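Right, one structure below, let's go through it.
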Amino acid sequence: MSGRSRLRFQNRVLWLTLLGVGPAWLTASLFLWNWDANNSLRWALFALISVFALVTAFAVRARVVHPLQSLANMLEALREGDYSLRGRRVDPEDALGEVMVEVNTLSRTLYDQRLEALEAGVLLGKIIAEIDIAVLAFDPERRLRLVNRAGEALLGSTSAALIGRTVADLGLEALLDESSGRIVGRVFPGGAGRWEVRRRRFREGGRPHELLVISDLSRALRDEERQAWRRLVRVIGHELNSSLTPIKSMAGTLRKLIDRESLPGDWREDTQAGLAIIHDRAESLGRFMGAYARLARLPVPTRRPAEFGALVRRVASLHGARVSVEGGPETGLALDPDQIEQVLINVIKNAVEAAGDAGSVRVRWRALGDRLLVEIEDDGPGLAHTENLWVPFFTTKPGGTGIGLVLSREIVENHGGTISLENRKAGRGCVARISLPLDRAGPVALDTRLG
């Protein structure tokens with residue numbers, strides 16, 4: 001590296017200024033040397049010219065360096081998080097003044113952003129502190145770095161005593177290794193019950209951290225279980241009363257008929273009619289109990305590769321021309337074909353019955369992200385009792401069991417999907433939507449039985 005390149009910027013400015021005034025200083029010196037005057041006057045003028053040249057050079061140096069030093073101080077303050085410094089007496093028409101204006105604007109922008117971030121952080125801290133869900137954050141060494149009030153209550157200690165302890169010391173190692181969304185039974189120092197465990201990863205300061213969220217589901221599950229039992233008992237009680245009341249009434253009538261001393265001439269017909277009523281109601285009650293047993297004993301899906309389009313066309317063919325298959329992509333899925341076929345049978349059968357003799361049913365499907373969305377649309381009158389659609393054993397059909405939709409939802413959810421039923425917005429009728437995970441199967445492994 002040369003000696004010139006090692007000169008600092010301010011010294012380079014000084015030397016360049018001296019080089020600029022050098023020719024004038026040299027000319028004036030030669031003129032004084034050849035001037036016919038006494039030596040005292042010549043030396044005085046030479047000193048004056050030399051001092052003027054030096055003062056000018058240092059003044060130029062100061063005028064160039066001082067604004068740059070001011071900019072450096074402002075930028076250093078911004079780097080340190082101090083946004084209070086501002087450039088004063090700035091002329092926006094000046095080149096250097098324009099730079100000052102931009103630095104002032106940057107300082108104000110950073111100040112506003114910092115204030116917004118601080119306010120958002122304070123708000124987030126208050127929300128986390130007040131929610132009744134335990135929130136815990138761990139650093140890469142799995143040491144606790146954040147815990148809210150619900151977490152303190154769950155772990156039975158204060159944040160001052162918990163911060164810095166490892167996940168093993170806290171006894172949360174199994175939960176931090178648990179898959180997100182699992183419901184586990186666990187006893188904590190602050191309580192026991194069933195808990196939903198969710199994990200998320202985030203980065204802070206460029207380092208990975210783990211967030212552990214523990215929700216108490218005991219009360220919610222108990223409330224849901226209580227409501228489910230109430231609905232079940234109400235429906236079962238209604239079904240039992242509907243069957244046992246006519247059986248009891250008809251049995252009493254037949255007993256009185258037989259106890260009479262002289263039987264009427266048509267006693268055989270009356271007895272047969274009464275026994276037929278008892279038989280029909282007992283058979284209806286048997287169907288109801290069989291449906292309940294089938295719902296309670298639903299097996300776990302046995303997944304195998306199957307071609308979804310062939311499955312739909314097979315079910316649609318059961319209803320002839322009344323069901324139109326509009327189609328979709330030929331997609332191989334890993335599912336239980338027998339169970340999904342039962343879902344399609346239930347939903348399409350409901351759609352055909354709702355559409356009536358003059359209506360039609362249309363089935364289509366498409367890939368939507370990582371899901372397969374199936375739509376079954378009819379031209380019927382629509383849904384009148386949407387609040388009871390998914391209540392077990394609720395039905396508006398004569399002789400219906402009321403478990404078709406409930407069983408279908410159970411099967412779809414066991415496959416990791418969802419099912420919904422709503423009235424159409426574009427016309428009469430309703431549309432059933434079934435969403436299934438798009439776990440594509442290899443084309444050579446498809447179940448050819450469904451073709």
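These numbers were taken from a predicted model, which means no experiment stands behind them.
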I want to check something: taking the side chain as every heavy atom from C-beta on, are [X] and [Y] in contact at a cut-off of under 4.5 Å?
X: Val184; Y: Arg194; value: no
X: Leu333; Y: Ile340; value: no
X: Asn104; Y: Arg108; value: no
X: Arg362; Y: Asp379; value: yes
X: Leu78; Y: Leu75; value: yes
X: Arg186; Y: Leu175; value: yes
X: Leu436; Y: Thr418; value: no
X: Arg199; Y: Glu210; value: yes

Can you check whether [Y]'s main-chain N or O pairs, donor with acceptor, with [X]'s side chain at less than 3.5 Å?
X: Trp25; Y: Ala53; answer: no
X: Ser107; Y: Val103; answer: no
X: His209; Y: Arg207; answer: yes
X: Asp169; Y: Arg165; answer: no
X: Glu307; Y: Gly309; answer: yes

Any chance the side chains of [X] and [Y] put a donor and an acceptor closer than 3.5 Å?
X: Ser159; Y: Glu152; result: yes
X: Asn73; Y: Gln69; result: no
X: Arg142; Y: Thr166; result: no
X: Arg304; Y: Thr302; result: no

At their closest point, which heavy atom of [X] faces which heavy atom of [Y], and how far apart are they?
X: Leu311; Y: Pro337; result: CD1-O, 4.0 Å
X: Lys425; Y: Glu422; result: NZ-OE2, 3.8 Å
X: Leu335; Y: His415; result: CB-CD2, 3.7 Å
X: Arg303; Y: Gly416; result: NH2-N, 4.3 Å
X: Ala351; Y: Asp378; result: O-CB, 3.7 Å
X: Ala316; Y: Val325; result: CB-CG2, 3.5 Å

How long is the span from the [atom1] atom in [X] to the [atom2] atom in [Y], to the nearest 0.5 Å?
X: Asp132; Y: Leu154; atom1: CG; atom2: CG; answer: 11.5 Å
X: Glu119; Y: Arg114; atom1: CD; atom2: CZ; answer: 12.5 Å
X: Leu438; Y: Thr331; atom1: CG; atom2: OG1; answer: 6.0 Å
X: Arg364; Y: Leu373; atom1: CZ; atom2: CG; answer: 9.5 Å
X: Leu118; Y: Gln113; atom1: CG; atom2: CD; answer: 12.0 Å
X: Ser435; Y: Leu372; atom1: OG; atom2: CG; answer: 7.5 Å

Looking at Phe202, does the NZ or CZ of Arg200 lie under 6.0 angstrom from its six-membered ring centre and within 45 degrees of the ring axis?
no
Please step through side chain to side chain contact (heavy atoms under 4.5 Å, CB included) for the pair Leu146 and Leu144, ending with a clear verdict.
CA-CA 6 Å; Leu146 181 144; Leu144 185 65; 5.9 Å; no
Start with the C-alpha gap between Arg198 and Ser215, add the side-chain angles, then the distance that decides, and say whether side chain to side chain contact (heavy atoms under 4.5 Å, CB included) holds.
CA-CA 8 Å; Arg198 292 193 175 274; Ser215 309; over 6 Å; no
Between Trp195 and Phe188, does the ring centroid distance fall short of 6.0 Å?
yes
Go through Glu377 and Arg433 one step at a time and tell me if the salt bridge (Lys or Arg N to Asp or Glu O under 4.0 Å) criterion holds.
CA-CA 9 Å; Glu377 191 177 77; Arg433 293 185 176 89; over 6 Å; no
Test salt bridge (Lys or Arg N to Asp or Glu O under 4.0 Å) applied to Glu196 and Arg182, step by step
CA-CA 6 Å; Glu196 183 184 30; Arg182 291 288 300 276; over 6 Å; no
Would His319 and Ile348 count as a side chain to side chain contact (heavy atoms under 4.5 Å, CB included) if you check the C-alpha gap in whole Å, the side-chain angles of each, and the deciding distance to 0.1 Å?
CA-CA 9 Å; His319 302 277; Ile348 293 177; 3.8 Å; yes
Do Glu330 and Arg313 meet the salt-bridge criterion of a basic N to acidic O distance under 4.0 Å?
yes
Salt bridge or not for Arg424 and Glu375, using N-O below 4.0 Å?
no
Side chain to side chain contact (heavy atoms under 4.5 Å, CB included) between Val135 and Val147, intermediate numbers included:
CA-CA 6 Å; Val135 179; Val147 59; over 6 Å; no
